[in-house]
There are 2 protein chains.
Amino acid sequence: MALGRRKQLILQAIIEDYINTAEPVGSRTVSKKYLTNVSPATIRNEMADLEEMGYIEQPHTSAGRVPSDKGYRLYVDELMDKKALNEQEYEYIRREFMEVVGEIDLLIKQASRILSAMTKYASIVTAPQFKRTSLKHLQLIKVDNRNILAVIVTDAGIIKNSIIRIDNDIEDGILERINKILNHKLMGLSIAELMNIDIAKLEADVGPIIEYRQVLNKVLPELLQALRYSERVEVFSDGAANLLDLPEYSDVQKAKDFFNVLNENELLYELLNDVSNNITVTIGKENKIHQLKDCSLITATYSYNGKIIGSIGVLGPTRMKYSRVISIVDCLTQSLSEILTKIVK
Amino acid sequence: MALGRRKQLILQAIIEDYINTAEPVGSRTVSKKYLTNVSPATIRNEMADLEEMGYIEQPHTSAGRVPSDKGYRLYVDELMDKKALNEQEYEYIRREFMEVVGEIDLLIKQASRILSAMTKYASIVTAPQFKRTSLKHLQLIKVDNRNILAVIVTDAGIIKNSIIRIDNDIEDGILERINKILNHKLMGLSIAELMNIDIAKLEADVGPIIEYRQVLNKVLPELLQALRYSERVEVFSDGAANLLDLPEYSDVQKAKDFFNVLNENELLYELLNDVSNNITVTIGKENKIHQLKDCSLITATYSYNGKIIGSIGVLGPTRMKYSRVISIVDCLTQSLSEILTKIVK
DNA sequence: ATTAGCACTCAATGATAAAGAGTGCTAACA
DNA sequence: TGTTAGCACTCTTTATCATTGAGTGCTAAT
């Protein structure tokens with residue numbers, strides 16, 4: 001199964017030429033541009049072997065060869081030379097991130113923008129997973145006598161608001177008191193824990209005063225409900241239009257299929273929900289989503305304080321500049337994790 | 001200038017046929033499908049007149065006629081029969097809106113989804129304009145001894161958070177006190193007014209206590225800054241991919257140009273920032289943005305308590321189903337305004 | 001093992017012809 | 001005088017067919 005050295009070089013040549021030109025690569029081209037001391041005929045023989053082994057394929061008899069998914073896989077795993085980003089690009093990322101202030105969602109959206117701008121493919125990112133962070137502060141605010149606003153701040157700097165409707169007015173003092181108790185009892189719990197908390201037990205902690213219990217019973221279930229609701233997936237994507245520049249999407253129907261996938265947030269979430277620590281490359285038919293069988297996806301996770309809380313990814317054709325995209329994704333997750341951790345302190 | 005009745009009918013026939021088929025319309029078609037008691041020859045004569053008057057044009061000699069922008073304009077203003085939505089569609093809108101709970105941005109995004117789903121064109125919407133609403137409640141929350149969270153609730157139910165960094169710890173009691181004073185002084189002011197408030201004057205109101213003044217001086221400028229910042233345009237769009245189904249975008253380059261416009265939030269904001277009360281139809285070259293010279297835009301404003309706070313719009317080819325889109329936009333703004341007003345109460 | 005040579009395949013290109021849709025104009029008609 | 005049938009004309013669309021050229025696989029020579 002181990003490929004001879006020359007076969008490796010030829011495969012690499014074919015893949016890199018194809019990545020650059022999107023045209024099937026012939027033996028002549030390989031001989032002229034890559035392995036100048038080997039004749040086309042020899043290369044043809046090797047190519048026939050490579051095809052038999054499934055690394056490359058031929059669109060039709062009189063065309064050059066095109067890498068198969070298996071070919072790309074080998075390339076990504078073993079052949080490709082990984083070169084780091086240059087200083088300029090590195091700087092670019094930092095600078096673009098610096099421009100954003102304020103809410104965390106903006107930061108994430110900016111990451112998505114940077115990612116698609118640098119790669120010229122489509123980017124997708126998940127917002128920090130709320131439930132993986134833990135409660136730092138809870139504030140109940142009486143907006144008027146029908147509405148209470150609950151503000152939740154978590155350690156990763158995520159802020160969530162939710163309005164709680166109430167039937168009867170609640171006295172200021174009581175609400176404040178409940179707020180204090182809740183903060184005291186709940187601080188530090190992860191949101192996931194919080195969502196499953198035992199209301200009855202908490203009630204006991206509030207003490208015997210009937211008004212307190214009443215208010216708690218009114219407010220808490222609604223709050224938990226709101227939490228569960230706001231847990232829903234938040235996925236952003238950017239740069240889809242970039243793909244229209246690529247010859248593989250000169251067919252409008254293909255482009256449309258692709259865009260439709262990008263609009264299905266649940267699908268995207270699935271794609272990104274891989275919680276491995278490393279950069280993951282999914283090539284062509286390795287994708288579970290059949291609409292993406294001609295696409296490759298490169299994902300990585302970002303974290304806060306060493307805890308993985310979200311992912312970013314790049315979606316493009318299988319003919320993707322793997323090396324470059326991997327470098328970019330790598331750099332970006334690191335910057336993102338860094339900035340997140342810094343923001344909070 | 002007034003068009004004879006028959007010319008009107010012919011123009012209407014041409015436009016409606018063209019809207020449905022995207023094919024140039026010939027005299028034979030008009031005679032057969034629309035004006036069955038008039039011969040093609042007669043219609044040819046009329047069409048020659050209409051062309052001379054600039055209402056229709058000919059892609060080339062041996063093709064039928066196509067409406068010009070001027071033709072569409074007349075059609076929209078005078079010829080088109082406006083038919084209301086049927087009960088089902090009406091129901092659909094209400095139902096889809098009901099599905100959304102919680103934050104106002106979600107409601108707006110949902111409006112955008114509904115709009116593009118029903119029209120099969122691209123939709124764009126602006127989030128409620130923060131500065132046109134007025135302060136209902138301000139809450140300053142000490143998250144930790146370096147960060148204060150300011151939560152602003154306005155009468156239209158918009159909630160904004162912003163983190164304020166501080167160098168020195170602030171005592172709980174003082175912050176609470178300041179919070180009370182600010183609420184008392186600022187409640188009811190519009191955000192626009194708030195952004196231009198006189199800090200010195202407020203300082204006087206706080207009274208002579210030096211700590212209060214210090215805190216106010218630290219917190220308020222940052223708060224106003226955050227307000228100004230969060231005032232930035234928020235525009236959502238949806239359904240861009242719908243346009244790929246239309247023959248006018250079978251040319252990928254055109255599609256790309258269109259998508260690029262949709263990614264320029266500032267441009268979109270300009271488009272929507274028309275603050276007239278009615279539904280506005282902008283046809284083809286009437287558009288200031290030259291990339292949209294082949295597009296039509298239908299916009300309308302939504303309001304809260306009778307105050308206009310945002311707009312929604314539909315962007316499609318000039319060959320647009322004007323009547324239908326207008327009905328949908330109309331219905332949607334009404335529903336939206338209604339729901340907004342209800343939510344707040 | 002490598003390579004030159006050659007016949008073969010097949011998509012892409014381009015030229016040409018035929019078909020078809022629609023027009024404008026003229027002359028006849030009510 | 002407005003309407004219509006008839007017809008020549010224009011121009012796009014479509015199909016057909018030959019040509020070109022890139023690339024291959026195989027064979028025989030090195």
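Just so we're clear, the structure is a prediction, and the values are computed from it rather than from any experiment. Quick note: numbers below take in every heavy atom, side chains included, and nothing from hydrogens, waters or symmetry partners. Order of the sequence lines fixes the chain letters, A, B, ..., with proteins taken first and strands second; residue numbering starts at 1 for each chain.
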Worksheet item: Which nucleotide span of DNA chain D, 5' end to 3' end, has atoms closer than 4.0 Å to non-hydrogen atoms of chain A?
Response: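 Range of nucleotides within reach of chain A: D:dA22 to D:dG25.
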Worksheet item: Do A:R319 and A:E248 pass the salt bridge (Lys or Arg N to Asp or Glu O under 4.0 Å) test, and can you show the C-alpha distance, the side-chain angles, and the key distance before you say yes or no?
Response: CA-CA 9 Å; A:R319 183 182 69 84; A:E248 22 273 276; 2.7 Å; yes
Practice prompt. Taking atom NE2 of A:H290 as the centre, report whether more than 12 heavy atoms of other residues, nucleotides or ligands fall under 6.0 Å from it.
Written response: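 Atom NE2 in A:H290 is not packed in, count stays at 12 or less.
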Check each residue of [range] for a non-hydrogen atom within less than 4.0 Å of any atom in DNA chain D, then write out the ones that pass by number, or none.
range: residues 19-28 of chain A; answer: A:G26, A:S27
range: residues 8-17 of chain B; answer: none
range: residues 39-50 of chain A; answer: A:R44, A:M47

Discussion item. Under the rule for side chain to side chain donor-acceptor pair (under 3.5 Å), what residues qualify as partners of B:K321, not counting sequence neighbours?
Written reply: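 Side chain to side chain donor-acceptor pair (under 3.5 Å) check on B:K321 returns nothing, list empty.
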Do the charged groups of [X] and [Y] touch, with an N to O distance under 4.0 Å?
X: A:D245; Y: B:K256; value: yes
X: B:R73; Y: B:D77; value: yes
X: B:E89; Y: B:R324; value: yes

Discussion item. I need the minimum non-hydrogen distance between B:K109 and B:F236, along with the two atoms involved.
Written reply: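 So the two residues come closest at CE-CE2, 3.5 Å.
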What's touching nucleotides 10-15 of chain C from the protein side, N or O pairs under 3.5 Å?
from   : atom 1 : to    : atom 2 : distance (Å)
C:dC10 : O2     : A:S62 : OG     : 3.1

